[in-house]
Amino acid sequence: MVTSSIDRYIPQEIEPKWQKRWEADGLYRSVIDESRPKHYALTMLPYPSGDLHIGHWYAMAPSDARARYMRMRGYNVLFPMGFDAFGLPAENAAIRHGIHPFKWTMSNIENMRRQLRSMGAMFDWEREAISCLPGYYKWTEWFFLKFYDAGLAYRKKSAVDFCPQCNTTLAREQVWGEDRHCERCGTPVIKKELEQWFFRITDYAEELLDFSQIDWPERVVTMQTNWIGRSEGAEVTFVSEREDPIVVFTTRPDTLWGATFMVLAPEHPLVDKLTTPECRQAVENYKFQAARQSEIERLSTEKEKTGVFTGAYAINPVNGERIPIWIADYVMMTYGTGAIMGVPSHDERDFEFAIKFGLPIIPVIDRRDGLAKSLVFPGSVRDGFADELRAAGIEFVTGPVGDVGEGLYVILHGDEQIDHYVELMRAYLLPNNWNEIVGARWIFIFDDGIQELNSVEADRRILARCKEIYPSVSHNRTVMEMLHSLPFYRDVLFHAEYGTMINSGPFTGTPGDVAVKKVTEWLEKQGIGKFAVNYRLRDWLISRQRYWGAPIPIVYCDKCGTVPVPYEDLPVLLPEDAEIPPSGENALKYHEGFLHTTCPRCGGPAERETDTMDTFLCSSWYQYAYLSPYYKEGDPAHSDSMPFDPKEGAYWLPVDVYTGGIEHATMHLIYTRFFTKVMRDLGLVDFDEPMLVLRNQGIILGEDSEKMSKSRGNVIAPDDLVEKYGADTVRAYLMFGWRWELGGPWDSQGIEGVSRFLERVWNCVLAPGYGGSEEPGEIEIRNLRRKVHQAIRKATEDMESFSFNTYIANLMELNNIMLKAKETPVYGTEAWEEAVKTLVLLLAPACPHIAEELWTRTGHPYSVHQQAWPVWDPEIAAEEIITLVVQVNGKVRDRIEVPADIAEEQAKELALSSNGAQRHTAGKTVQEVIYVPGRLVNIVVK
RNA sequence: GCCGAAGUGGCGGAACAGGCAUACGCGCGCGACUCAAAAUCGCGUGAGGGUGACCUCAUGUGGGUUCGAUUCCCACCUUCGGCACCA
């Protein structure tokens, strides 16, 4: 079996050899085979930037290994590859090097194909799909028309995010970070009012929140859930004094009685109508500022609230209170109804706004913690008050109050204490003074009685009284503003928790856990509001002002307006002779031949839409494109065409396992789910989710633990590594070095270890071993077989759970044990042959080339990649002798070797009589003996 | 601020479902081979103590549950990621 010449392991020789052979044989061609179960393994397609980097390898090589494992498990596996080929870098290259985006892209693809081949992955190249080829983007355009026909594509003028560097609008998902920068180039975006095309992804918001059919990582589910941002509440209709209904969305209808003002977004359509002549100028100025502000760079840290009064008033529908209507940029036109009710007592933002502009703040929800505070001003009470407090067990400290002397800072807990305090205060308060209790209760004690802060009216009354007594508070516009000037009170002036309703007319006393529901029901009955759900998710802005993308198949006709290009005329081709302006503007806008066309409806002159589609559209359906790339059946296309071969779809879909980076959690991974759900509703597929299982790999950092970048000079180039170590070593190291989902810094010494491992495997399999004449012992043979079968079990479990690092470690362990056995008479036995065969088979998914070479050299028929995954025999894998740990009071004191099937009583006996146990139980009483079969005996002593 | 993930030797990391912490690899030390070095092979390698058998401590920190906790619960600290005036 061993070849006579013990060649060295030279991956550079064997790898290209096998790659050629596999390709020539079509070994990885995946065709429909009803006799076998299918497995569609998909890994995210690369953008053809020109070079495959180590991150691509890290994503693809382990994915390939797993696809190969599934194949050995008997599945008919589809593992395709393609290129997400539209996008900006191609245009930038065109500007910089004067090379056409198409040429640039295709030559990059050529190079990347070579690099991908060097990986030795089982890609089925006959299913390759490139999104910038007309045969592909014809279908991307077709999807646009289908969405348009279904009412899911619409054009709207609105303020959208625009990247000045990329010269194009962006979807909300593509604007990242605190400074709201472009996901691609990092430039902070600006706002622009533009007519843009949108996809109605919000129609699917509710369904997109349902992850019950898919096994996706928790963090992706969480990110998508947060991104969609569902919140339940109510829509309530307020009416302006001039009878204009203003609808607000609130999650806290239970705080309605505390709404003391309204705020509209500056762009709200009612603003112009509501604004009174006196306020018009200020409102106009503010609107202008607000629009401009988003164009200036946003320094978003703790922006102070701004806003202006419109001069108009609305009536609070629950209590008839007349409340002012303001506009402010902290209210977004894009969320809810673009208008809010201001409840400053129970919303931090509204509180801040009300304090700044002197709007009344009335608490309407009780504090659940019962905390209240009171500041006793110096000289406001008779002597002995502090002693009374002490006697009553009331917590307080003495401290300076401004520069007027020593006061008492009192902290109260619960109604009983507060009532007692009020009593004391009434007895001790000196004439012409007042004292207030703030927090759990809102009580103002004057020398002639007490007043509660329970309405806007009370606010005015109390404030007037206070000003009378103490004129230096005269500048305050509300009671809360006055209280707010004392830092002691600040943390109890508002709270956002649920609690019993107070100061809320007939609802006063309603407990917090039912308040929202009760009020909502009542609102519905009254016809002034209704239950409502809001989402943070926005419709998907798909227009891009770029040349290098799939054209939006729309023409604009003076007579007929917006007219979709007929299906039969697809694709709308990108003109090849377009000149990319150095400004980076859209070349299509200046391409007369493209721009001017005839209206498909009336035949008159018309202009084409020059915006192209977000490249995320191309990648939203690529898993379907792979089934039958550039599908020709529907040529010319028709509304009822299929973008892929339904026979292929019926067999392969949906994707069983999807692998890729987490950075797409709220972009590609939401879009493709949306696409699939629309496709289902259009009757194109019969399932709800595109990918059943998703696993994310982490990121490989440079050796300096920093993100790899050319400027840092810490980039690891896979081509160099393949040249030095061979692809198998690179693949195995990428699987071994880190927890796959976490990634981490590259280690150029770590890969040496894996390289040594493969050399040891080579030698283990091929170099001659024991040459003596002793007969092998039965126990040694059993031990080897046990290890082999345990290794099969472990390798299988690890592959199932994507635990690639332990999968490799397990093979290293097996190899280490085999290397020892090799120097014994076990070498050459049947058990040895089984071990060698198993090692090669288990290694095949990770290191396909060396496995194929060793397989052939050990006399097996080509190909190792058509072999079945080994099966372990539980009986052979079972341990006969086990090490039983002997603990005394939970500490390991001894280890004893016992038969695996030892009886409990016997195990306990042996444990008790063991040296270690004896040492630590001597002179003590054994209280309990715990036996965990196969693991340990724990002796509890006292 | 909110949401999520992760903290284990010098390093990457392992540990079924609460049961031997540190598998596997890197690095390091010693040894063999060599005139020498590299490569390779062998042995050792969490910290501290003891001549020794052994003992004590150690999975971010502090508590708790348990016969027993890296694992479960509570609080906190650090790092990373996402969101961010979302009503």
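In what follows, every chain begins at residue 1, and chains take the letters A, B, ... in the order their sequences are listed.
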Name the nucleic acid region contacted by A:Val929, choosing base, sugar-phosphate or nothing; use a 4.0 angstrom heavy-atom cut-off, strictly under.
nothing
Would you confirm whether the ring centroid of A:Trp762 sits within less than 6.0 angstrom of the ring centroid of A:Phe757?
no
Rounded to the nearest Å, what distance is computed from the CG atom of residue A:Leu701 to the C1' atom of nucleotide B:G81?
13 Å
For the side chain of A:Met332, starting at C-beta, report the closest nucleotide among B:A87, B:G12, B:A14.
B:A87
For A:Phe804 and B:G25, what is the distance between atoms CZ and C1' respectively, to the nearest whole Å?
18 Å
Return whichever of A:Gly890 or A:Glu813 has its heavy-atom-nearest nucleotide of RNA chain B closer to the 5' end.
A:Glu813
Side-chain N or O of A:Arg739 versus OP1/OP2 of B:U8: is the shortest distance under 4.0 Å?
no
For a side chain to side chain contact (heavy atoms under 4.5 Å, CB included) with A:Ile361, tell me which candidate from A:Asp350, A:Leu493, A:Thr260, A:Ile355 qualifies.
A:Ile355
Closest to the side chain of A:Arg895, out of B:C20, B:C55, B:C3, is B:C20
When the P atoms of B:C67 and B:U51 are compared, how many Å lie between them, rounded to an integer?
38 Å
Between A:Glu352 and A:Lys356, does any NZ, NE, NH1 or NH2 come within less than 4.0 Å of an OD or OE carboxylate oxygen?
no
Select base, sugar-phosphate, or nothing to describe what A:Val885 touches, counting heavy atoms under 4.0 Å on all strands.
base
5' priority, RNA chain B, between A:Gly737 and A:Val892 [closest heavy atom]:
A:Gly737
Is A:Arg230 salt-bridged to A:Glu206, cutoff N-O under 4.0 Å?
yes
For atom P, what is the distance between B:C74 and B:U65, given to the nearest Å?
15 Å
Distance between C1' atoms of B:G27 and B:C77 (Å, rounded):
30 Å
So, does A:Asn816 get its side chain near the phosphate of B:A23, meaning an N or O under 4.0 Å from OP1 or OP2?
no
A:Ile699 CD1 - B:A6 P separation (whole Å)
17 Å
Does a side-chain N or O of A:Arg756 approach OP1 or OP2 of B:A39 to a distance below 4.0 Å, or not?
no
Check the phosphate of B:A53 against A:Asn915, side-chain N and O only, distance under 4.0 Å to OP1 or OP2. Yes or no?
no
Does A:Arg893 make a side-chain N or O approach to OP1 or OP2 of B:U56 shorter than 4.0 Å?
yes
Taking the C1' atom in each of B:C28 and B:U79, what is the distance between them to the nearest angstrom?
28 Å
At under 4.0 Å, does any side-chain N or O of A:Ser231 touch on OP1 or OP2 of B:A87?
yes
Between B:A87 atom C1' and A:Tyr330 atom OH, what is the distance in whole Å?
8 Å
List the atom of A:Ile700, the atom of A:Trp746, and the distance in Å for their closest heavy-atom pair.
CG2-CE3, 4.1 Å
Look at the side chain of A:Ala809 and decide which nucleotide, out of B:C55, B:A23, B:C26, has an atom nearest to it.
B:A23
Below 6.0 angstrom between ring centroids: does that apply to A:Phe353 and A:Phe261?
yes
Using the side-chain heavy atoms of A:Met812, tell me which of these nucleotides is nearest: B:G25, B:A23, B:A87.
B:G25
Interatomic distance at C1', B:U8 relative to B:A47, whole Å
14 Å
With rounding to the closest Å, how many angstrom separate the C1' atoms on B:G9 and B:G63?
26 Å
Is A:Gly934 touching bases, backbone alone, or none of the nucleic acid, heavy atoms closer than 4.0 Å?
nothing
How long is the line joining NZ of A:Lys891 and C1' of B:A69, in whole Å?
14 Å
Phosphate-side-chain proximity, A:Arg760 and B:U40, N/O vs OP1/OP2 below 4.0 Å
no
Can you tell whether the side chains of A:Glu813 and A:Lys794 come within less than 4.0 Å, N to carboxylate O?
no
Any idea which of B:C3, B:A87, B:G13 is nearest the A:Asn226 side chain?
B:C3
Using atom P of each nucleotide, how far apart are B:G7 and B:U66 to the nearest Å?
27 Å
Between B:C67 and A:Lys908, is there an OP1 or OP2 to side-chain N/O distance shorter than 4.0 Å?
no
Could you check which of B:C83, B:A84, B:C20 has an atom nearest any side-chain atom of A:Thr883?
B:C20
Quickly work out the A:Glu752 CD to B:C11 C1' distance and round it to whole Å.
16 Å
Distance between the P atoms of B:G4 and B:G19, in whole angstroms?
26 Å
So, are A:Asp539 and A:Arg172 salt-bridged, with charged N and O less than 4.0 Å apart?
no
If we call it a pair only when both distances are under 3.5 Å in a Watson-Crick or G-U wobble match, what pairs with B:C26?
B:G10
Find the distance A:Gln749:CD to B:C11:C1' and express it as a whole number of Å.
10 Å
Heavy atoms under 4.0 Å, any strand shown: does A:His346 hit a base, just sugar-phosphate, or nothing?
nothing
Rounded to the Å, how far apart are A:Asn938 CG and B:C67 P?
10 Å
